[in-house]
2 protein chains.
Amino acid sequence: MTRPAKRITSSDVARAAGVSRATVSFVLNDRPGLSITQETRRRVLEAAQRLDYRPHASARSLAAGRSDVVLLSIPDLPIGAGISRFVEELATALAAYGLTLVTHLAGAHGRPLPDVCASVDASAVIGFDPFDHDTIQALYRAGARVVIPAGADMPASTGHIGRAQADHLIGRGHRRLGYAAPGHAGFREMARERLRGVTDACAEAGIDPPVVLTTTLEIASAAQAVSHWAERSVTGVCTFNDETAIAVLAGLHHHGLSAPADLAVIGADDIPTARLTAPPLTTVCYDLHQAGRQRAEAVVAGLSGHQLDVVALTPAVPQVVQRSST
Amino acid sequence: MTRPAKRITSSDVARAAGVSRATVSFVLNDRPGLSITQETRRRVLEAAQRLDYRPHASARSLAAGRSDVVLLSIPDLPIGAGISRFVEELATALAAYGLTLVTHLAGAHGRPLPDVCASVDASAVIGFDPFDHDTIQALYRAGARVVIPAGADMPASTGHIGRAQADHLIGRGHRRLGYAAPGHAGFREMARERLRGVTDACAEAGIDPPVVLTTTLEIASAAQAVSHWAERSVTGVCTFNDETAIAVLAGLHHHGLSAPADLAVIGADDIPTARLTAPPLTTVCYDLHQAGRQRAEAVVAGLSGHQLDVVALTPAVPQVVQRSST
DNA sequence: GTGAAAGCGCTAACAC
DNA sequence: GTGTTAGCGCTTTCAC
């Protein structure tokens, strides 16, 4: 379970290959502009391989002035497959540039992101959630060179989701909407963004802003919200995410009511169990695949000095998955 | 989005506090055995605070010979509440020792764990899943000082879960059980372990082994499984996890049947939406909280040289949460 | 009690 | 083309 340290250094490789440490560094980093004999290169590579040499990451980044670590911040989300796809795409795209992705799963009591950033000496930090201004500043101070908060291309945390939800409901004739905000504090920021989308859509459609109610993942809480909406003659509700939608559905059942007849409900994220509810949940999904790839490129561009505006990222359009709850 | 680098070094702090860099290092690291004037200490702390000084992680670990980064490997799982709790507990417990946790979300095409370990210069690697022998060796070679694969204390990936499920059903009089295996390939290993638990329990109770059927998260798939079980006169089924259980519940509804009257179903993991199904899902939960804490201590012990056998970890007992589906 | 100095393993000018 | 050398920012032994 534990093992004594005994590192193989670049000197070992240099010695084994009969060259200097600088040469080893050059061939291993594929330094452009330098021409190294095929023979020398081969010898170095062979020696490194044989010795199972791994450059010491800390020494490397200390000397180079930047690490090849990219940190992804994931809020305390239950989104399964969607996030996985994103992470996977991001990780592979970054790997192609020699960058390594690690993630920080935010918890209620976890240490602050900037601390983590500093501890791993990350050169870039990507947010699955939008960062507030202070966090961004703190990240830069913590040593990050590039910080990419969830942006316009990442519908998961923007108003696009809410917009799509509201537009769907409005398109089906609903004039009085409700919004089910999550009880979990970690979602606050993301929920604000999503809610903003539905509020905007309502304004544009010329109807009242949504009746916002907080709903925890418990039947009692959801049932109460359902009553409230009924009193305010709300006919359709957008929920923060699918889990919240499932709670609302349960709240409906609790009153002997059901969707969409008594209340239309539309979720967000298209989690795997969304299609298993009664009735199957209408929701909105989005392609995180592309967002992952774009972020990787933005990071690389930012790291190499080519300023790349986050606004340049192509927004991905969320799609409504029409099932039977609306 | 990008920012020029301008680090504050320990020299800056030393200058500001009117002491030497060594002194700064001593007070900031609370070096035991050294007695430093209260006044000096205060001045250093104040200066560090005022300058928002952050020790450079890479330089620190290069000099100290070890980083304070701990890497957690998470297989391609839906990141549910269970894992979050574990991660959170682990992260806070480690933080108390000055260690920082980052996680590696394994994807089908992600880079190998040892590479990531080397890139972040992690001193310890913890697995949410069991590591195979080669991986463990590779991790040590990649610079890890402590490697802790998922063990007996971590019920999430052991037979304890399945055992608890089966015992519950058997205890309620069921003599013919079914098992709903997950469709997702990433769960294969974990599912095998869990299934083993129910098989063992059946053997001990002297009843037939469970009728194992694979169920994807789609109504059609689950409905088909339900028919099969009915044909084989199965009266109770243990599912790989709660999501699969939800699918089975949906399959039941599809046939106009319901739990527990027509088929008792018990899930696993106690995800948030488990209490929102109709009927609320009986499931088994386990305390990952404790597992997190234990791992943190094992890491610290390992790092400080006190060999601590992984077998010494106290197994956590999974608990059945009785709701109405059984 | 505090400071001076020697590296940790690597990269990147610069000289050969 | 390849080797020499000077740090990167920090810890830590050893004098003061």
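We name chains A, B, ... by the order of the sequence lines, and we start the count at 1 in each one. No hydrogens, no waters, no symmetry mates; every other heavy atom, side chains included, goes into these values.
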_Value in whole Å for how far the P atom of C:dG9 lies from CG of A:Leu28_ = 16 Å

*Which residues satisfy the salt bridge (charged side-chain N to carboxylate O under 4.0 Å, His left out) test with A:Asp52, sequence neighbours excluded?*
B:Arg141

*Of all the heavy-atom pairs spanning B:Arg111 and B:Ser119, show the shortest one and how long it is.*
NH1-OG, 4.3 Å

*D:dT11 OP1/OP2 closer than 4.0 Å to side-chain N/O of B:Ser25*: yes

*asked:* Starting the side chain at C-beta, find the nucleotide from D:dT12, D:dG9, C:dA12 nearest to B:Thr9.
replied: D:dG9

*Between D:dT11 and B:Arg60, is there an OP1 or OP2 to side-chain N/O distance shorter than 4.0 Å?*
yes

*Could you tell me which non-hydrogen atom of B:Ala47 sits nearest to which non-hydrogen atom of B:Ala17, and how far apart they are?*
CB-CB, 4.0 Å

_Separation of C:dC8 P from A:Asp121 CG (nearest whole Å)_ = 21 Å

*Once you round it to whole Å, what is the distance between C1' of C:dT11 and CZ of A:Arg66?*
12 Å

*Rounded to the Å, how far apart are B:Asn29 CG and C:dT2 P?*
16 Å

*Starting at atom CG of B:Leu62, determine the distance to atom C1' of C:dG7, rounded to an integer number of angstrom.*
9 Å

_Please pick, from C:dA12, D:dT11, C:dG3, the nucleotide with the shortest atom-to-atom distance to any side-chain atom of A:Ala64._
C:dA12

*Protein-nucleotide distance (A:His56, atom NE2; C:dC8, atom P), rounded to Å*: 12 Å

*Before giving the answer on side chain to side chain contact (heavy atoms under 4.5 Å, CB included), spell out for B:Asp12 and B:Tyr53 the whole-Å C-alpha distance, their side-chain angles and the decisive distance to 0.1 Å.*
CA-CA 9 Å; B:Asp12 295 327; B:Tyr53 167 67; over 6 Å; no

*asked:* I need the full list of salt bridge (Lys or Arg N to Asp or Glu O under 4.0 Å) pairs touching residues 58-70 of chain B, with sequence neighbours left out, sorted by first then second residue.
replied: none

*To the nearest Å, how far apart are B:Ile8 CD1 and D:dC8 P?*
16 Å

*Hey, does the side chain of B:Thr23 come within less than 4.0 Å of C:dG3's phosphate (OP1/OP2), counting only N and O?*
yes

_Short side-chain N/O contact to C:dT2 OP1/OP2 from B:Thr37, under 4.0 Å_ = yes

*First encountered from the 5' end of DNA chain C, between B:Thr40 and A:Ala63*: B:Thr40

*asked:* Expressed as a whole number of angstroms, how long is the span from B:Arg15:CZ to C:dG3:C1'?
replied: 16 Å

*For DNA chain C, whose closest nucleotide is more 5', that of B:Val19 or that of A:Ser11?*
B:Val19

